Trainee: 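Could you have a look at this structure, given as C-alpha cells, before my questions?
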Amino acid sequence: MKKIIIFLGPPGSGKGTQAKKLVEKFGFGHISTGDLLRELQKSHMIAPDEQEALEAMKHGKLVPDWLIYRLAFKAIESNLEKGKGVVLDGAIRTVEQADAYQQFFSQKSLENEVCVVEVCIPDSESLNRLTQRRVCSRCGEIILPGDAARYLVCPKCSGEIVTRSDDNEAIIKQRILVQGNDAIEPIRNFYTHLDIYKKVDGMQSVEGVEADVEKAVC
Ligand code: AP5
C-alpha cells in the first residue's frame with residue numbers, strides 16, 4: 001500500500017467519510033484541509049492574514065494556496081516523521097495545488113508513494129447530501145442522513161449535532177461551481193497522466209464505496 005493516499009471528489013462525495021475509515025483501518029494520519037481551516041477559524045492565535053484568507057471559505061470559494069500549503073505540508077511532515085502514512089481529504093482542488101503537492105513529495109523522494117482515488121458522484125447528489133448533512137460540533141463525526149433523526153447528541157463523544165455553517169443552499173451551490181465535477185476534470189487529467197489515478201463509484205452504500213476504496217489503494 002502506498003504511503004500517500006489522496007481523495008478527490010466533489011463536495012459531499014464522501015471523502016471525509018471514507019478517509020476516516022481508511023485512517024482507522026490502516027493507522028494513517030488524516031489530513032482534511034477543511035478541518036484544518038475550521039480549527040484555525042476557532043483558534044485565538046490566528047494571524048490577520050490568515051483571518052482574511054479564511055473569508056473565502058465562508059462564501060464557498062477556495063482559500064488561497066499559501067494557507068493550504070502552510071497547514072497541510074506541516075501536518076503531512078508531522079505524520080511522516082512519526083513513520084505514518086497520510087490520507088489527504090480535500091487537500092487538492094486545483095491543478096496548481098496538485099503540482100505543488102507532487103513537488104513537495106518529490107523533494108521527500110515520495111513521488112512513487114502517491115495513490116489518488118476519486119469518489120465520483122454527480123453534482124446534483126452533492127446538493128442533495130449536503131443540505132441534509134449533520135456533524136458533531138466537537139469531534140467532527142459525520143452523521144449519515146438516515147441516522148440524523150436517531151441521535152440527539154453525537155454517538156461517539158456526546159457533542160452537539162449541528163449543521164455546518166457552509167452547508168446552506170446558496171453556499172453549497174457556490175461550492176459545487178468552484179469544486180464540483182467541472183473543476184475536478186483538469187485534476188483528473190493531471191493524475192491520469194501520471195498513471196496514479198483511480199476512481200470509485202460514490203453512489204453506492206457507504207460500505208460498497210469502502211470496499212472499492214480498499215481495492216483501489218491496496
Ligand atoms: P471541506 O470541509 O473539505 O468541504 P468539501 O470538499 O465540500 O467536502 P465535504 O466535507 O463537504 O464533503 P465530503 O466529500 O467530505 O463528504 P462527507 O464524507 O462529509 O472544505 C470546506 C471549505 O474549505 C471549502 O469549501 C474551501 O473553501 C476550503 N478548502 C478546503 N480545502 C481546500 C483547498 N485544498 N484549497 C482551497 N480551499 C480549500 O459526506 C457528505 C454527506 O454524505 C454526509 O452526510 C455523509 O453521511 C453522506 N454520505 C457519505 N457517503 C455516502 C454514501 N455512500 N451514500 C449516502 N450518503 C453518504
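Given the structure is predicted, the values throughout are model-derived calculations rather than measurements. The residues of the chain are indexed from 1 along the displayed sequence. Note that these values count all heavy atoms, side chains included, but never hydrogens, waters or copies made by symmetry. We count ligands from 1, going down the list as the structure has it; atoms in each ligand are counted the same way.
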Trainee: Could you note down all residue pairs passing salt bridge (charged side-chain N to carboxylate O under 4.0 Å, His left out) where residues 109-118 supplies at least one of them, sequence neighbours left out?
Mentor: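 Residue pairs with at least one partner in residues 109-118: Glu118-Arg188.
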
Trainee: Regarding Asn181 and Glu185, do their side chains bring together a donor and an acceptor under 3.5 Å, going by distance alone?
Mentor: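 On atom types as modelled, these side chains do not qualify, holding no pair under 3.5 Å.
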
Trainee: In chain order, what residues pass the side-chain hydrogen bond (donor to acceptor under 3.5 Å, both in side chains) check against Lys61, with sequence neighbours excluded?
Mentor: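 Counting only residues at least two positions away or on another chain, Lys61 forms no side-chain hydrogen bond (donor to acceptor under 3.5 Å, both in side chains).
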
Trainee: Exactly which residues line ligand 1, taking a heavy atom under 4.0 Å from it as the test?
Mentor: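 Ligand 1 is contacted, at a heavy-atom distance under 4.0 Å, by Pro10, Pro11, Gly12, Ser13, Gly14, Lys15, Gly16, Thr17, Thr33, Gly34, Leu37, Arg38, Met57, Lys61, Leu62, Val63, Ile68, Gly90, Ala91, Ile92, Arg93, Gln97, Arg129, Leu130, Arg133, Ile142, Ile143, Leu144, Pro145, Arg164, Asp166, Arg175, Gln179, Gly202, Gln204, Ser205, Val206, Val209.
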
Trainee: Evaluate Arg175 against Asp166 for salt bridge (Lys or Arg N to Asp or Glu O under 4.0 Å), listing each step before the verdict.
Mentor: CA-CA 9 Å; Arg175 284 158 65 199; Asp166 58 349; 3.8 Å; yes

Trainee: Regarding Asp201 and Gln204, is there a side-chain donor-to-acceptor distance under 3.5 Å anywhere?
Mentor: no

Trainee: Under 3.5 Å, which donor-acceptor pairs do the side chains of residues 144-158 form with other protein atoms, sequence neighbours left out?
Mentor:
| from | atom 1 | to | atom 2 | distance (Å) |
| --- | --- | --- | --- | --- |
| Asp147 | OD1 | Arg150 | NH2 | 3.4 |
| Lys156 | NZ | Glu141 | OE1 | 3.4 |

